[in-house]
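The structure appears below as structure tokens.
We use all heavy atoms of the structure for the numbers below, so side chains are in, but hydrogens, waters and symmetry mates are not.
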Amino acid sequence: EDSIRESHVAPSVVPPQGVCRARVLQDLMAGHRGLLYDEVRSMGDKLSILREALATSNGDVITTVVLFLRDTLAPTMFAKVLNESPIALRYYGLYLQRRGDKNQLRLTYRACGRKVDEVWILLRQAFDIRMPADRLNAFRVCLQQWPPSEAFFERELKDQIELLRRQNAIEVFDAKLAASGNDPFLLRYPRPYLPYAPVAHTLYYCMLYHPNVSKEKLSSPVNTQKTFKISEKTLTWISLKARARVGDWEAIRKLPLEK
């Protein structure tokens with residue numbers, strides 16, 4: 001059975017079944033691919049021309065040959081070829097990225113058994129979703145499929161899910177309140193859009209618009225601080241900034257400011 005061996009030196013063997021690989025390769029180097037599709041037909045020829053292309057270290061040539069294999073091999077065989085040739089897989093991945101085809105890239109990684117790469121592409125697709133509730137659901141799907149080998153990033157993803165869950169709930173409530181026009185504070189201090197803001201900005205938002213709510217509520221500054229393990233010093237300075245904006249000098253005098 002033919003196997004792919006990546007080398008920077010083209011093997012000097014007799015071209016299989018009379019196909020002149022040198023002529024095909026020369027055609028590819030000139031930016032043409034007619035001979036590739038016309039003359040390279042057997043599996044042996046295809047693997048040989050891939051080896052030749054890899055030996056050139058020419059990205060355009062490698063990509064052209066990989067796309068030729070995609071077009072002429074069964075999907076399972078194409079996945080096997082990519083699995084045996086990380087360089088070919090890398091160039092195919094770069095090709096799909098340039099086209100913005102994240103879904104096909106994810107499916108390719110799945111077919112090649114590259115679970116970690118597949119989940120990372122799935123996460124990138126989640127970040128492309130604009131609606132907070134839909135992105136939140138996509139994050140949860142990613143978390144369900146997250147590989148154990150990426151434990152550190154799993155914790156980061158959990159924090160991101162919790163932050164977006166909190167922001168979305170606050171946004172839905174505050175948007176309705178602002179739309180009603182019945183809250184004088186929101187009329188005087190128009191609020192920004194909260195989803196996708198950093199943790200520090202979320203805490204500032206809670207300090208500004210919900211400074212005294214019960215700590216059980218998601219909009220509570222105390223709840224936010226504890227959930228995301230924000231230091232007391234950071235909490236104090238964000239509180240100072242938020243209360244200064246609205247001229248709440250009494251609250252500022254109560255802050256444990258260092259002298």
Next on the checklist: Side-chain heavy atoms nearer than 4.5 Å, only ILVMFWY residues, links allowed to pass through others: does that put M77 and V66 together?
Outcome noted: yes
Checklist entry - How far does CD of Q97 sit from NZ of K102, to the nearest 0.5 angstrom? => result 8.5 Å
Item to check | Reported CG-to-CZ distance for the pair D183 and R188, which is rounded to 0.5 angstrom | outcome: 12.5 Å
Next on the checklist: Same cluster or not: Y109 versus L96, using hydrophobic residues (I, L, V, M, F, W, Y) connected whenever any side-chain heavy atoms lie under 4.5 Å apart?
Outcome noted: yes
Next on the checklist: What's the separation between atom OG in S220 and atom CD1 in I170, rounded to the nearest 0.5 Å?
Outcome noted: 9.5 Å
Item to check | Within-4.5 Å side-chain heavy-atom neighbours: L187 and N182 | outcome: no
Checklist outcome for this item: Taken to the nearest 0.5 Å, the spacing of R124 CZ from L105 CG works out to 7.0 Å
Next on the checklist: Whether the Y205 and D174 side chains hold a donor-acceptor pair (N or O, under 3.5 Å, no angle test) is what I'd like checked.
Outcome noted: yes
Next on the checklist: Would the distance check show the side chain of N83 and the main-chain N or O of C112 forming a donor-acceptor pair, the cut-off being under 3.5 Å?
Outcome noted: yes
Checklist entry - Nearest heavy-atom pair of C142 and V119: which atoms, and what distance? => result O-CG1, 4.2 Å
Next on the checklist: What I want to check is whether the side chains of S85 and R90 have a donor and an acceptor closer together than 3.5 Å.
Outcome noted: no
Next on the checklist: If you define the side chain from C-beta out and look only at heavy atoms, does anything of F185 sit under 4.5 Å from V246?
Outcome noted: yes
Item to check | Cationic tip of K241 above Y204 ring, under 6.0 Å, 45° of axis | outcome: yes
Checklist entry - Same cluster or not: are M43 and V40 linked, directly or through other Ile, Leu, Val, Met, Phe, Trp or Tyr residues, by side-chain heavy atoms under 4.5 angstrom apart? => result yes
Checklist entry - Between the side chain of R166 and the main-chain N/O of L218, is any donor-acceptor distance below 3.5 Å? => result yes
Item to check | Chi angles and distances behind the side-chain hydrogen bond (donor to acceptor under 3.5 Å, both in side chains) call for S231, T234 | outcome: CA-CA 5 Å; S231 69; T234 299; 2.9 Å; yes
Item to check | Worked check of side-chain contact (heavy atoms from CB on, under 4.5 Å) between R70 and L82 | outcome: CA-CA 10 Å; R70 180 200 63 183; L82 293 180; over 6 Å; no
Checklist entry - Any side-chain heavy atom of T108 sitting closer than 4.5 Å to one from Q104? => result yes
Checklist outcome for this item: Scanning both residues in full, the closest heavy-atom pair of A88 with L50 reads CB-CD1, 4.4 Å
Checklist entry - Taking it one step at a time, do F68 and F78 satisfy ring-ring contact (aromatic ring centres under 6.0 Å, His included)? => result CA-CA 10 Å; F68 163 71; F78 179 57; over 10 Å; no
Next on the checklist: Checking F127 against F139 for the ring-ring contact (aromatic ring centres under 6.0 Å, His included) test, could you report, in this order, the C-alpha distance in whole Å, the side-chain angles of both residues, the deciding distance, and whether it holds?
Outcome noted: CA-CA 8 Å; F127 274 106; F139 280 162; 5.0 Å; yes
Checklist entry - Looking only at heavy atoms, what is the nearest atom pair of V213 and S219, with distance? => result CG2-OG, 3.7 Å
Checklist entry - To the nearest 0.5 Å, what is the distance between CG (L143) and CD1 (I161)? => result 4.5 Å
Checklist entry - Can K158 and E162 be counted as an ion pair, charged N to O under 4.0 angstrom? => result no
Item to check | T224 and T227: side chain donor to acceptor below 3.5 Å | outcome: no
Checklist entry - Counting only heavy atoms not in F173, do more than 12 fall under 6.0 Å of its CZ? => result no
Next on the checklist: Looking at every non-hydrogen atom in both residues, tell me the closest pair between V116 and S149 and how far apart they are.
Outcome noted: CG2-OG, 3.7 Å
Checklist entry - Is there a donor in the side chain of D45 and an acceptor in the side chain of S42, or the other way round, less than 3.5 Å apart? => result yes
Checklist entry - Is the distance between the ring centroids of Y91 and Y95 under 6.0 Å? => result no
Checklist entry - So do the side chains of T76 and K80 get within less than 4.5 Å of each other, counting heavy atoms only? => result no
Checklist entry - Are the side chain of W146 and the backbone of E150 linked by a donor-acceptor contact shorter than 3.5 Å? => result yes
Item to check | Closest contact, heavy atoms only, V65 versus A53 | outcome: CG2-CB, 3.7 Å
Next on the checklist: Evaluate T236 against K233 for side-chain contact (heavy atoms from CB on, under 4.5 Å), listing each step before the verdict.
Outcome noted: CA-CA 5 Å; T236 298; K233 184 176 181 179; 5.7 Å; no
Item to check | Same apolar cluster (I L V M F W Y, side chains within < 4.5 Å links), L54/L73 | outcome: yes
Checklist entry - Is a donor on one side and an acceptor on the other found under 3.5 Å between the side chain of N223 and the backbone of K215? => result yes
Checklist outcome for this item: When every non-hydrogen atom of P221 is compared with those of L203, the smallest separation belongs to O-CD1, 3.5 Å
Checklist entry - Hey, does the side chain of Y196 reach the backbone of R130 with a donor-acceptor pair shorter than 3.5 angstrom? => result yes
Checklist entry - Same cluster for L107 and Y92 if Ile/Leu/Val/Met/Phe/Trp/Tyr side chains link at under 4.5 Å? => result no
Checklist entry - Heavy-atom distance under 4.5 Å between the side chains of Q225 and F228, does that happen here? => result no
Item to check | Any donor-acceptor pair under 3.5 Å from R243 side chain to M207 backbone | outcome: yes
Checklist entry - Is it true that the side chains of N168 and R135 contain a donor and an acceptor less than 3.5 Å apart? => result no
Checklist entry - Between R191 and E171, is there a side-chain N and carboxylate O pair less than 4.0 Å apart? => result yes
Checklist entry - Rounded to the nearest 0.5 Å, what separation is found between the CG atom of L164 and the CZ atom of R140? => result 8.5 Å
Item to check | Contact check, side chains of P192 and Y209, non-hydrogen atoms, under 4.5 Å | outcome: yes
Checklist entry - Does the separation of the ring centres of W120 and F153 fall below 6.0 angstrom? => result yes
Checklist entry - Does the side-chain contact (heavy atoms from CB on, under 4.5 Å) test come out yes or no for D159 and R155, once each step is laid out? => result CA-CA 6 Å; D159 284 344; R155 293 192 296 271; 5.5 Å; no
Checklist entry - Can you find a heavy atom in the side chain of R110 that is under 4.5 Å from one in the side chain of K115? => result no
